[in-house]
Amino acid sequence: MRKHLVGAAALVGAALLVTGCSGAAGSVAQQAPKADEKPTNEQIAALFNDWNAALKTGDPQKVADHYAPNAVLLPTVSNKVRSTRAEIVDYFEHFLQNKPSGTILDSHIAVLDNDDAIDAGTYRFALNQDGKPTTVDARYTFVYEKIDGKWLIVNHHSSAMPEKV
């Protein structure tokens, strides 16, 4: 996987060339392709739904379970790069207090090979901040790697939209 991360900018560019589905893919991720087959765009899109479901549990450990041991998280509402499980859990301990629920607005999926894929686009989070409902629109990139038969996030970058929509 590291060979793919070296040219991260090129990967994101490649991701923007392929449009994926952003509909309710639900359990599609559970229908994993055979070891010698590339996953479908729908299967990669469903990984977001699984991650989003983990957010809804309110358990930062369950969210962190979606990240590889060597994952890097560049979160939306923190200036600190998170590169250990403890740091990722710490971020989600705070973020989950806002009861986030994400919706993909625009998704571009690039399946690189049988074990690597990128999903980049925009999403909206419904949050409850200070007792008031609000939304935050952000850009995202998820880089996934299949490790020991399980799709995990190895790189997750999320940044608030610079312009008001």
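Please read these numbers as outputs of a predicted model, since none were measured by experiment.
For the side-chain hydrogen bond (donor to acceptor under 3.5 Å, both in side chains) test, residues two or more places apart in sequence or in another chain that qualify with S158 are T76, Y123. Remark: Q97 engages no residue in a side-chain contact (heavy atoms from CB on, under 4.5 Å) (not counting sequence neighbours). Remark: K56 pairs with no residue by the salt bridge (charged side-chain N to carboxylate O under 4.0 Å, His left out) rule, at least two apart or across chains.
Checked by atom type, the side-chain pair H108/D106 shows a donor-acceptor distance below 3.5 Å.
Atom CG of N155 is separated from atom CG of L74 by 6.0 Å, given to the nearest 0.5 angstrom. The structure places CD1 of I153 at 14.0 Å from NE2 of H157, a figure rounded to the nearest 0.5 Å. Atom OG1 of residue T84 and atom CG of residue L73 lie 10.5 Å apart, to the nearest 0.5 angstrom. The NE2 atom of H156 lies 8.0 Å from the OH atom of Y91; values are rounded to the nearest 0.5 Å. Between atom NE2 of residue H66 and atom CG of residue L47 there is a gap of 9.5 Å, rounded to the nearest 0.5 Å.
Heavy atoms only, all atoms of each residue included: P100 and L127 are closest at CB-CD2, 3.5 Å. Summarising the geometry of A117 relative to W151, their closest heavy-atom pair is N-CZ3, 4.1 Å, with the distance given to 0.1 Å. K62 and A54 make their closest contact through O-CB, 3.9 Å (heavy atoms, listed as atom of the first residue, atom of the second, distance). Shown here for K146 and N114, the closest heavy-atom pair between the two residues is CE-O, 3.6 Å.
Criterion: ILVMFWY side-chain heavy atoms under 4.5 Å apart, direct or through other members. Under it, F92 and V77 are part of a common hydrophobic cluster. Hydrophobic clustering (ILVMFWY, side-chain heavy atoms < 4.5 Å, transitive): V136 and W51 are in one cluster.
In this structure the side chain of L96 reaches within 4.5 angstrom of the side chain of V63, judged on heavy atoms. Two residues are said to be in side-chain contact when any heavy atoms from C-beta on lie closer than 4.5 Å; D137 and L105 meet this criterion. For the pair I109 and D119, the minimum side-chain heavy-atom distance is below 4.5 Å. Using a 4.5 Å heavy-atom threshold, the side chains of F142 and S107 count as separate.
Listed by first and then second residue, the salt bridge (charged side-chain N to carboxylate O under 4.0 Å, His left out) pairs that reach into residues 94-105 come to none, sequence neighbours excluded. Here salt bridge (charged side-chain N to carboxylate O under 4.0 Å, His left out) pairs that include residues 147-161, with residues two or more places apart or in two chains, number zero. Applying the salt bridge (charged side-chain N to carboxylate O under 4.0 Å, His left out) test to residues at least two apart or on different chains, the pairs with a partner in residues 67-86 are D65-R85, K80-E87, R82-D90.
For Y67 and Y144, the ring centers sit 6.0 Å or farther from each other.
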Using the rule given for side chain to side chain contact (heavy atoms under 4.5 Å, CB included), can you reason through V89 versus Q61, listing the C-alpha separation, both sets of side-chain angles and the distance that settles it, and then say yes or no? CA-CA 6 Å; V89 168; Q61 297 290 339; 3.6 Å; yes
Please walk me through it: do F125 and T103 pass side chain to side chain contact (heavy atoms under 4.5 Å, CB included)? CA-CA 6 Å; F125 278 96; T103 302; over 6 Å; no
